Amino acid sequence: MDIRLVADGPWRFRIEQTGTMRVPGVVLAPRDLLPDEPGDQALSQVARVATLPGIVRASYAMPDIHWGYGFPIGGVAATDVAGGGVISPGGVGFDISCGVRLLTAHVDRAALLRKLPVLMDRLDGLIPRGLGRGGLWHLAGRAQLHEILRGGARYAVEQGHGVPHDVERCEDGGAVGDADVTQVGERALERGAGQVGSLGSANHFLEVQAVDAVYDETCARAFGLRPGLVCVMIHCGSRGLGHQICADHVRAMDAVMQRYGIDVPDPQLACVPVDSPEGRAYLGAMAAAANYARANRQLLADAARRVFLQLAGSGLDLLYDVSHNLAKLETHPHDGARALLCVHRKGATRALPPGHADLPDALRRFGQPVFVPGTMGTASYVMTGSTGNRAFDSCCHGAGRVWSRHRAHRETSARQLRQELAGVGVSVRPASWRSVIEEAPEAYKDVDAVVRASQHNDLGRLVARLVPLGVLKG
DNA sequence: ATGTGC
């Protein structure tokens with residue numbers, strides 16, 4: 001698809017509405033963050049998403065945009081439910097409700113440093129990760145898996161894997177309400193049964209970090225962050241269960257799209273009206289996967305908490321848990337009124353502004369915490385939702401890949417990577433060194449530039465910078 | 001992202 005990319009000031013670009021596009025594209029990134037590998041399809045994907053039935057305002061791209069399945073990663077698209085708007089699994093991604101949670105310890109970096117090696121050893125032995133492998137929670141049976149799919153982190157806490165405060169600090173109170181277990185296929189259930197409480201692979205991780213800088217002291221204090229404080233950041237999703245659900249429902253939609261008169265420029269944009277049996281079926285299965293991902297992060301956090309209590313004499317308090325791969329039915333201004341929109345966020349973090357009713361009481365004045373993990377060996381950021389967000393309250397979600405996984409293997413080696421990480425003094429414990437080659441810091445954009453661009457585009461405000469002390473990689 | 005795929 002040919003696109004007409006026009007600079008709109010120093011911080012963003014516009015893709016002119018041409019051909020079958022129903023809205024323009026808006027790429028909220030400066031020139032040096034635009035995907036520029038030869039043949040890269042990310043910007044064309046922004047334009048193709050703009051052709052989806054019912055899409056409103058614009059097809060958005062966050063500053064960490066890169067090429068994905070159908071939708072770009074870092075893509076945000078909202079469709080008008082009453083106006084025949086569609087739901088597309090490609091706008092959520094294979095890793096349904098992949099997200100990040102951040103926990104704060106009661107110990108400072110200097111006090112922990114001596115104990116860090118033994119603490120990392122313990123986490124290394126405890127946390128399941130890598131492809132396949134088991135999970136921390138050995139379920140009693142299929143009925144208990146169904147409870148997880150319906151109750152998410154809330155059910156995990158009810159079962160003793162956490163404290164009530166954890167649930168208060170999860171998006172949606174730890175579980176989305178409309179999960180439909182009957183829309184989750186047998187293969188998905190089979191794959192999910194043994195993986196609750198496991199990191200997965202690729203860019204998923206559990207990191208021990210320290211607060212390195214604070215940019216907004218009042219907000220940081222409300223978030224429980226101060227310079228030198230130790231934190232734990234967990235990034236993972238719904239494992240094989242979410243993957244299987246995505247594959248199953250893309251296939252189902254592909255078979256019925258024509259019946260709804262829907263024609264898309266890319267088969268990976270398979271979609272159906274939100275208000276259709278197939279649309280509701282996907283949303284019900286997606287919600288079940290979302291709850292699975294939240295329970296997964298809850299189990300991992302609770303395990304890390306027990307290690308911290310035992311070895312560092314410190315608890316871990318959940319600051320917030322938020323997804324960056326999800327579609328949600330939300331009310332937003334549209335055509336001079338409030339309308340129910342299906343907001344697809346794929347590699348984009350929901351970022352509620354200060355005062356929003358869905359925020360926990362203790363955070364409401366400050367906006368929703370947004371977590372922006374960098375790469376192993378580089379900084380991560382805490383941001384907060386800001387008023388004036390035009391991209392349906394969405395923000396960036398990470399550094400954003402620039403090298404293909406294939407190119408990463410060409411450009412670097414395990415040995416080179418080990419040396420480099422040893423040089424910055426970060427203890428990285430991967431499931432396998434081969435898999436982490438694809439996660440080399442050079443394979444990603446500069447996360448500092450990504451958060452700067454996010455702030456300039458009113459997607460969020462900077463709160464604090466975190467640096468890694470120890471990294472468990474998938 | 002993924003019991004990694006034409």
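Treat the numbers as computed from the prediction; the structure is a model and nothing was measured. Order of the sequence lines fixes the chain letters, A, B, ..., with proteins taken first and strands second; residue numbering starts at 1 for each chain.
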request  = Using whole Å, report how far CG of A/Leu199 lies from P of B/dT2.
outcome  = 10 Å

request  = Step by step, work out the salt bridge (Lys or Arg N to Asp or Glu O under 4.0 Å) result for A/Asp36 and A/Arg31.
outcome  = CA-CA 9 Å; A/Asp36 64 351; A/Arg31 185 170 295 279; over 6 Å; no

remark   = In whole angstroms, the gap separating C1' of B/dT2 from CD of A/Gln244 amounts to 9 Å

remark   = Separation of B/dT2 atom P from A/Gln195 atom CD, nearest Å, is 8 Å

ask   = Rounded to the Å, how far apart are A/Arg239 CZ and B/dT2 C1'?
value = 8 Å

query = Can you check the A/Arg251 CZ to B/dT2 C1' distance for me, whole Å?
reply = 14 Å

message = If the condition is ring pair (Phe, Tyr, Trp, His ring centres under 6.0 Å), which residues does A/Phe13 pass it with, not counting sequence neighbours?
response = none

query = What is the nucleic acid contact for A/Gly240, judged by heavy atoms within less than 4.0 Å: base, sugar-phosphate only, or nothing?
reply = sugar-phosphate

key: Nearest-Å distance for atom pair CG/C1', residues A/Asp248 and B/dT2   = 13 Å

ask   = According to the side chain to side chain donor-acceptor pair (under 3.5 Å) rule, which pairs have a member within residues 392-402 of chain A, sequence neighbours left out?
value = A/Asp64-A/His397, A/Arg345-A/Ser394, A/Arg401-A/Glu439, A/Arg401-A/Tyr444

request  = May I ask you to say whether A/Asp124 pairs ionically with A/Arg129, meaning some side-chain N is under 4.0 Å from a carboxylate O?
outcome  = yes

inquiry  = Does A/Arg401 reach a base, just sugar-phosphate, or nothing at all? Heavy atoms under 4.0 Å.
reply    = nothing

key: d(CZ, A/Phe94; P, B/dG5) in whole Å   = 10 Å

message = What is the separation between atom OH on A/Tyr69 and atom P on B/dG5, rounded to the nearest whole Å?
response = 13 Å

